[in-house]
2 protein chains.
Amino acid sequence: MGVVPQTGSRGRRAGALSQEVVVAAAIELLDEHGDRGFTFKLLTERLRTGAGAVYWHVANRDELVALAADRVLGAALATPPAAGDPEAELRALALAVYDALDPHPWAAAHVTVDPDLVNALRLLERIGRLLARTPLPAERHFMVATAIFNYVTGVTAQDSARAATVGASQTRDAVFARYAAHWESLDPAAFPFLTGATDDLRRHDDRDQFVTGLDLILDGLRRQLAGD
Amino acid sequence: MGVVPQTGSRGRRAGALSQEVVVAAAIELLDEHGDRGFTFKLLTERLRTGAGAVYWHVANRDELVALAADRVLGAALATPPAAGDPEAELRALALAVYDALDPHPWAAAHVTVDPDLVNALRLLERIGRLLARTPLPAERHFMVATAIFNYVTGVTAQDSARAATVGASQTRDAVFARYAAHWESLDPAAFPFLTGATDDLRRHDDRDQFVTGLDLILDGLRRQLAGD
DNA sequence: ACCTGAACACCGTTCAAGT
DNA sequence: ACCTGAACACCGTTCAAGT
């Protein structure tokens, strides 16, 4: 809202189009309708222009959504890197990424390291630089940096996919209540773990799960730094 | 190939349709054309039937692809759980999932814990049961199990997304050579890590990165088991 | 250089009709 | 119960034409 003139207004768009304006409108519409619901029809209506105009500024739909995802990722990099304990910084950075992508469930799946996506590059750069401040051997920096990058973006994307399925119709609680009921109906001899975990399922929080995995990774890093 | 009569044969399909047959045909076509290229037109041609027949056996395209993904995940659970060291078993299981999904780059993104997807449920059950054989406090089982589940499926999905983008046209090496060239062109003052990591990028292996993150998680688990 | 908008080649899904 | 296949309401993308 706000960045782009709304559908309500009449006549032609005021001011020139640009990739920036197109991407801003795409973010608004992706937030409103999700990845599936976002169409060029909605986009050209909001921008009060024709399809060809959009294609002048972006190559295609895929590139547009990737640019939109990279833009929302930028919020995670807004605070400048601090000089404290690198592991604490790594943890804060990962959470900042989660929190930047969480309000935009369509975004995480499109975050990739690509020359056109500056914020994804900046993120990998920051992770690598933080690792360089640990005693980790230099030849392991790239491997561990990409592993952490993959964890952060991959797991956030998983959470988002779930959220998108849920958000489509029913509430989160209703969905997990239904899942829990199904787990309860399973044979306890065949599924001892799931049948005993229905309360955990009902109460679970995606962000806590993200943090749990993140802390496992950072503890593992600490252990490797300590020399196994 | 083989499970389903090929397009070449004439006339009507021999034998009745079933969800099993529809899913098997979907897997073949998803492997051949990818998630984007897989259409109901291709599916009904291969099955020599009409669109309505497919909708008798599955609710819609989403459900069909999810069922197909769950089916290929099944290969990871083929070997029965062994009685050895639970952490080694966890590692072997995670790698089995990666190797089961890797030949089907469309699959990982659709693996979710859902009542209709038995193999995803079985996977979470197995992870939980292995954790139950460690000294991890019972109240942490669910959280850690889902964290590991999310890592395995989420990171594999990230790798697959990259593979799909690449596989579309150019070779893997050509793509990463282009990326590396771009990293080299970055300002070394602004991107000290990336500009120094171009060789790592060119040589990197996705599976190694998956294993690196996995071992960090398992080392972290070991550390937490040791009582921090 | 940038924009218009009609036209094109699809796509998933529905449904009245058959067996 | 299971299948047929035409019809429907879309969709992203192209491109000749404008300014």
Side-chain angles (χ1 to χ4, degrees), chain A residues 4-5 7 9-30 32-69 106 109-110 164-165 168-169, chain B residues 4-5 7 9-30 32-69 106 109-110 164-165 168-169:
Chain A
V4 170
T7 321
S9 59
R10 306 228 153 243
R12 278 208 47 213
R13 189 188 54 264
L17 226 48
S18 66
Q19 182 172 284
E20 168 125 16
V21 171
V22 172
V23 171
I27 291 170
E28 290 182 11
L29 290 166
L30 284 159
E32 291 168 24
H33 301 95
D35 200 340
R36 287 288 178 79
F38 168 67
T39 66
F40 273 70
K41 185 165 183 295
L42 286 170
L43 184 63
T44 52
E45 275 167 5
R46 179 148 305 179
L47 290 172
R48 318 213 136 259
T49 186
V54 174
Y55 281 90
W56 183 261
H57 296 283
V58 298
N60 50 45
R61 190 190 190 278
D62 281 344
E63 185 186 290
L64 176 53
V65 178
L67 287 168
W106 48 270
H110 298 273
T165 322
S169 44
Chain B
V4 171
T7 320
S9 58
R10 305 231 151 237
R12 279 206 49 215
R13 190 189 54 267
L17 226 47
S18 66
Q19 183 173 282
E20 167 126 16
V21 170
V22 172
V23 171
I27 292 171
E28 290 182 10
L29 290 165
L30 283 159
E32 290 168 25
H33 301 95
D35 201 339
R36 287 287 179 78
F38 168 68
T39 67
F40 273 69
K41 185 166 183 295
L42 287 171
L43 183 64
T44 51
E45 276 168 4
R46 178 147 309 179
L47 291 172
R48 315 214 136 260
T49 184
V54 174
Y55 280 89
W56 183 263
H57 296 282
V58 296
N60 51 44
R61 188 189 190 278
D62 280 345
E63 185 186 290
L64 176 53
V65 178
L67 287 168
W106 48 270
H110 298 272
T165 323
S169 43

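Convention: sequence-line order gives letters A, B, ...; per-chain numbering from 1.
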Taking for each residue the nucleotide of DNA chain D with the nearest heavy atom, is it Ala53(B) or Ala59(A) whose nucleotide lies nearer the 5' end?
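Nearest-nucleotide comparison on DNA chain D picks Ala53(B).
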Between Gly52(A) and Lys41(A), which residue's closest nucleotide on DNA chain D lies nearer the 5′ terminus?
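The residue whose closest nucleotide sits nearer the 5' end is Lys41(A).
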Nearest of dA6(C), dC11(D), dC3(C) to any side-chain atom of Ala51(A)?
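Within the option list, the nearest is dA6(C).
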After noting the C-alpha distance and the side-chain angles of Arg46(B) and Lys41(B), does the key distance pass the side-chain contact (heavy atoms from CB on, under 4.5 Å) rule?
CA-CA 9 Å; Arg46(B) 178 147 309 179; Lys41(B) 185 166 183 295; over 6 Å; no
Nearest-angstrom distance from the residue atom [atom1] of [X] to [atom2] of [N]:
| X | N | atom1 | atom2 | value |
| --- | --- | --- | --- | --- |
| His33(A) | dC11(D) | NE2 | P | 11 Å |
| Asp62(A) | dT13(D) | CG | C1' | 12 Å |
| Leu64(A) | dT13(D) | CG | C1' | 14 Å |
| Leu47(B) | dG5(D) | CG | P | 14 Å |
| Phe40(B) | dC11(C) | CZ | P | 12 Å |
| Asn60(B) | dA9(D) | CG | P | 20 Å |
| Tyr55(B) | dA17(C) | OH | P | 21 Å |
| Asp35(B) | dC11(C) | CG | P | 14 Å |

Examine the side chains of Asp62(B) and His110(B) and answer whether a donor and an acceptor come within less than 3.5 Å of each other.
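Their side chains do not contain a donor-acceptor pair, so the 3.5 Å distance test is not met.
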Give me the distance, rounded to whole Å, that separates dA17(C) from dC2(D) when you measure between the P atoms they each carry.
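After rounding to an integer number of Å, I get 22 Å for this pair.
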Nucleotide forming a Watson-Crick or wobble pair with dT19(D), both distances under 3.5 Å
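Pair assignment: dT19(D) / dA1(C).
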Counterpart base for dG12(C), defined by Watson-Crick or G-U wobble contacts under 3.5 Å:
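Checking every strand shown, dG12(C) finds its partner in dC8(D), with both distances under 3.5 Å.
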Separation between CG of Asn60(A) and CG of Leu64(A), rounded to the nearest 0.5 Å:
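Result: 8.5 Å between the selected atoms.
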Nearest 0.5 Å, please: how far is CZ in Phe38(B) from CG in Leu29(B)?
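That separation rounds to 6.0 Å.
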Kindly give the heavy-atom pair with the smallest separation between Val22(B) and Leu43(B), and that separation in Å.
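For Val22(B) versus Leu43(B), the nearest heavy atoms are O-CD1, 4.1 Å.
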Hey, does the side chain of Trp56(B) come within less than 4.0 Å of dC3(D)'s phosphate (OP1/OP2), counting only N and O?
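So the side chain of Trp56(B) is outside the cut-off, no N or O lying under 4.0 Å from OP1 or OP2 of dC3(D).
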